[in-house]
2 protein chains.
Amino acid sequence: MRFGEQLKLLREQNGLLQREIAAELKIDTPMYSKIEGGSRKAKRQQVLQLVKFFGLKEEALMSVWLADQIIDLLKEEKHGQSSLLIAGKDLYPHNKVWQ
Amino acid sequence: MRFGEQLKLLREQNGLLQREIAAELKIDTPMYSKIEGGSRKAKRQQVLQLVKFFGLKEEALMSVWLADQIIDLLKEEKHGQSSLLIAGKDLYPHNKVWQ
DNA sequence: TTTGACTTGTCTATTTTTGACAATATTATT
DNA sequence: AATAATATTGTCAAAAATAGACAAGTCAAA
């Protein structure tokens with residue numbers, strides 16, 4: 001589940017229009033539409049605004065937003081899988097998953 | 001092992017000066033020094049030049065360079081670990097590591 | 001066929017990144 | 001210690017990437 005998809009789901013589950021969330025983020029509807037569609041990236045600050053707006057735990061949206069950026073970084077790369085493991089080992093060495 | 005470290009190691013193992021590699025990349029020595037020191041990021045194209053220059057397999061440098069960017073993205077984040085797993089599952093679903 | 005919701009295309013402004021240059025620091029050599 | 005060679009740091013302008021606005025388009029329901 002990519003970030004835009006997740007966002008659309010949240011919006012629909014809450015019975016909201018794009019324009020209402022766009023207003024909350026102080027951007028116009030086309031811009032918001034692009035974020036849902038995945039052709040534009042939300043800013044970190046906007047993710048935090050969305051977390052508050054929907055009353056979520058930060059991790060629920062933030063981890064998906066971060067994953068989205070990793071996916072964009074690696075999707076065309078031949079060596080993405082090994083780079084994920086190297087990064088994991090470096091950042092979270094206690095977790096055996098990466099070994 | 002971060003990218004700059006790895007690069008410095010390769011340079012020393014080959015008995016080269018910064019200025020020689022800088023010339024190869026067509027950048028000045030200060031710029032190259034910053035790449036080794038990690039305060040500046042090499043461009044993708046430069047990584048490929050380095051692979052050729054040192055006669056390495058692409059993965060040897062590319063995966064470390066990519067990992068470096070993931071690390072920079074996640075190092076200040078509270079939810080980096082879950083985002084790595086989400087990204088891994090999305091990109092490489094056949095690998096059970098992420099489940 | 002009009003209205004409302006959403007999407008797409010394009011342009012400009014802002015932000016970020018790159019690389020050059022100057023100055024400083026560190027190391028090696030004499 | 002003095003000098004020379006190597007490497008690092010700071011700062012600026014140019015270039016590239018990104019964000020956001022606006023106009024115009026599609027699509028579905030009334």
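The sequence lines fix the lettering, A, B, ..., with proteins before strands; numbering per chain opens at 1.
- Rounded to an integer number of Å, the gap from L73(B) CG to dT16(C) P is 15 Å.
- Annotation: K78(B), atom NZ; neighbour count of heavy atoms from other residues, nucleotides and ligands within 6.0 Å does not exceed 12.
- Atoms CE (M31(A)) and P (dC22(D)) sit 14 Å apart, rounded to a whole Å.
- Residue R19(A) has no polar side-chain atom (N or O) positioned under 4.0 Å from OP1 or OP2 of dT7(C).
- Here the straight-line distance linking atom CZ of R44(B) with atom CH2 of W65(B) works out to 6.0 Å at 0.5 Å rounding.
- Taking both residues in full, the closest heavy atoms of M62(B) and V47(B) are given as CE-CG1, 3.9 Å, listed atom of the first, atom of the second, then distance.
- With dT8(D), dT7(C), dT11(D) as the candidates, the nucleotide lying closest to the side chain of K34(B) is dT11(D).
- If you check residues 37-53 of chain A against DNA chain D, the residues with a heavy atom closer than 4.0 Å are R40(A), K41(A), K43(A), Q46(A), listed by number.
- Regarding D28(B), its CG atom lies at a distance of 13 Å from the C1' atom of dG10(D), rounded to whole Å.
- Counting only distance, with no hydrogens or angles, the side chain of W98(B) and the backbone of G88(B) share a donor-acceptor pair below 3.5 Å.
- When the side-chain nitrogen and oxygen atoms of S33(B) are compared with OP1 and OP2 of dT8(D), one or more of them lie within a distance under 4.0 Å.
- Look at Q18(A) and you won't find any side-chain N or O under 4.0 angstrom from OP1 or OP2 of dG4(C).
- Here the P atom of nucleotide dG4(C) and the CD atom of E20(A) are 15 Å apart, to the nearest Å.
- The I27(A) side chain lies nearest to dG20(D) when the options are dG20(D), dG19(C), dC22(D).
- Between the side chains of Q49(A) and E24(A), no donor-acceptor pair is found at a separation under 3.5 Å.
- Taking atom CD of E36(B) as the reference point, atom P of dA7(D) lies 8 Å away to the nearest angstrom.
- A salt bridge is defined here as a Lys NZ or Arg NE, NH1 or NH2 lying under 4.0 Å from an Asp or Glu carboxylate O, and K34(A) with D28(A) fails to meet this definition.
- Here dA7(D) presents its P atom at 9 Å from CD1 of I21(B), a figure rounded to the nearest Å.
- Rounded to whole Å, the distance from CG on L17(B) to P on dT8(D) is 12 Å.
- L25(B) places its CG atom 15 Å from the C1' atom of dA20(C), with the value rounded to the nearest Å.
- At most 12 non-hydrogen atoms from other residues, nucleotides or ligands lie less than 6.0 angstrom from CD of E76(A).
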